[in-house]
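Heads up, the thing below is written out as structure tokens.
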Amino acid sequence: MKLLVVGGGGREHAIIKKLKENKAVSEIFALPGNGGMEKDATCVNIGAKDIENIVKFACENGIDYAVVAPDDPLVLGAVDALEEKGIPCFGPRANAAIIEGSKVFSKNLMKKYNIPTAEYEVFTDMEAALAYLDTAPIPTVIKADGLALGKGVIIAQTREEAKDAVRSMMADKVFGNSGDQIVIEEFLTGPEVSVLAFTDGNCVKPMVSSMDHKRAGDNDTGLNTGGMGTVAPNPYYTDAVAETCMQTIFLPTIQAMNAEGRTFKGCLYFGLMLTPNGPKVIEYNCRFGDPETQVVLPLLESDLLTVMQATTNGTLADTEVKFAGKNACCVIMASNGYPVSYEKGYEMTIPEEISQNVYVAGAAIKDGKLVTNGGRVLGATAIADTLEEAIADAYVMVDKIHFDNAFYRHDIGAKALKAGRN
Ligand code: AMP
Ligand code: GLY
């Protein structure tokens, strides 16, 4: 079988490595991929948002199955366009990807179907939003409606900060049209859990839970990033919490999307907060998380391609989705200065004996050598019987990898370890 994976980060590298385990897979094309995954896939220089050329490539190269991994192409309708040409795909159609593409849509969906989430108001008029903030409870959370490269959420500790955020989104348009509508919502507290779930639109099979580390610096300091590391499972996500989430959040969401005529197939990502009043949805993503995927998929014991095809064919209920009862830790190595500004082009060394456990996010081949080509450069994932060992092993790998100006957090998994001991 010939497969195509749209995207080019660490998440896509983890998906590709897992897909390759299926003996029926003869070739995997990554569009665009990156220089660090060339051993695992044939990288083709077509951008993840260039839907016209993705479809053309798929048709011309006899692709049997396509996986659309990033949010933008999903929201832009890459799955619809590929399916129109008869190419089966993993991922939701555009009318379902809106669950991530519009925060206003997802908040209204949750309200309509009684799915627990933060209280909120929607504004299309800046003056009305500013007036509301005169009396809104503080801290408060301001969210741009549309995709904003993961940066469209501002937690404001003061009224002035909240108003500045509203002005920057609605008047200065820092996120473009994504700020035409905004959501102002209640500030929630509690441990955060990421749960990725396979679904065919009827059945939902959650993957092992995970914990992201979004801030750039140790002890959750510094700017928000795309994610500096992950562990799985998340110790806060007990069996009892999982059952509550299944009954109050996962199944109701799948059913709500069906009721709206927007059946969701693929991977639905639930960003949850375990508040004192029970689990609530912070956000939905219409795709695998990055770097959650880099700890979740290495623990998957079932064949990924088979599970993905079951979400497409509607046979997920009859398909086993099994995870190893182990722990995983992924430490992201970035270029100094990320997420603001950083240099590229530093030569990278990844020892052969650990390369199977390294997921490359931002690299290129230059003069025959692998060089850094992004903010987040790679992630090293270790699997072990205990979380403590997984963390230690991941950092041993990090020590063996070299590129100039590398930086990483030193405390990935520390919070989970502490929680697990309580
Ligand atoms: P996002 O970019 O949507 O992943 O959100 C970034 C982060 O903002 C989340 O991981 C949460 O830590 C935080 N956040 C979002 N909404 C809320 C909320 N209502 N209350 C507290 N924290 C929030
Ligand atoms: N790690 C969070 C995300 O993928 O959006």
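Counting starts at 1 for both ligands and their atoms, following the listed order.
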Kindly determine whether Tyr284 and Phe270 satisfy ring pair (Phe, Tyr, Trp, His ring centres under 6.0 Å), including the steps that lead there. CA-CA 5 Å; Tyr284 291 114; Phe270 299 89; 5.8 Å; yes
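- Residue-ligand proximity, Lys143 to ligand 1, at heavy-atom distances under 4.0 Å covers atoms 15 (C), 16 (N).
- Close approach of ligand 1 to Ile282 is summarised as follows: ligand atoms under 4.0 Å from at least one heavy atom of the residue are 15 (C), 16 (N), 17 (C), 18 (C), 23 (C).
- A heavy-atom cutoff of 4.0 Å around ligand 2 is satisfied by the protein residues Asp212, Gly226, Tyr269, Asn285, Arg287, Gly289, Asp290, Glu292.
- Enclosure of atom CG in Asn45 is not indicated, since only 12 or fewer non-hydrogen atoms of other residues, nucleotides or ligands lie within 6.0 angstrom.
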Derivation and outcome, salt bridge (charged side-chain N to carboxylate O under 4.0 Å, His left out), residues Lys214 and Asp220: CA-CA 8 Å; Lys214 285 210 164 99; Asp220 293 331; over 6 Å; no
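- The line from CG of Asn234 to CG of Leu387 is 10.0 Å long, rounded to the nearest 0.5 Å.
- The aromatic rings of Phe288 and Phe198 sit perpendicular, their planes meeting at an angle over 60°, well past the 30° parallel limit.
- In this structure, the side chains of Leu82 and Val79 stay at 4.5 Å or more apart for every pair of heavy atoms.
- The aromatic rings of Tyr359 and His13 sit perpendicular, their planes meeting at an angle over 60°, well past the 30° parallel limit.
- Against a heavy-atom cut-off of under 4.0 Å, Phe187 is close to the following atoms of ligand 1: 20 (N), 21 (C).
- Geometrically, ligand 1 and Met273 share no nitrogen or oxygen pair separated by less than 3.5 Å.
- Against a heavy-atom cut-off of under 4.0 Å, Glu185 is close to the following atoms of ligand 1: 16 (N), 17 (C), 18 (C), 19 (N).
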I'd like to know whether Ile401 forms a side chain to side chain contact (heavy atoms under 4.5 Å, CB included) with Met348, so could you lay out the CA-CA distance, the side-chain angles of the two residues, the decisive distance to 0.1 Å, and finally the verdict. CA-CA 8 Å; Ile401 297 168; Met348 302 163 60; over 6 Å; no
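- Between Lys103 and ligand 1, no pair of N/O atoms sits closer than 3.5 Å.
- A salt bridge is defined here as a Lys NZ or Arg NE, NH1 or NH2 lying under 4.0 Å from an Asp or Glu carboxylate O, and Asp385 with Lys326 meets this definition.
- Under a 4.0 Å criterion applied to the non-hydrogen atoms of Ile155, ligand 1 contributes the atoms 8 (O), 13 (C), 14 (N), 22 (N), 23 (C).
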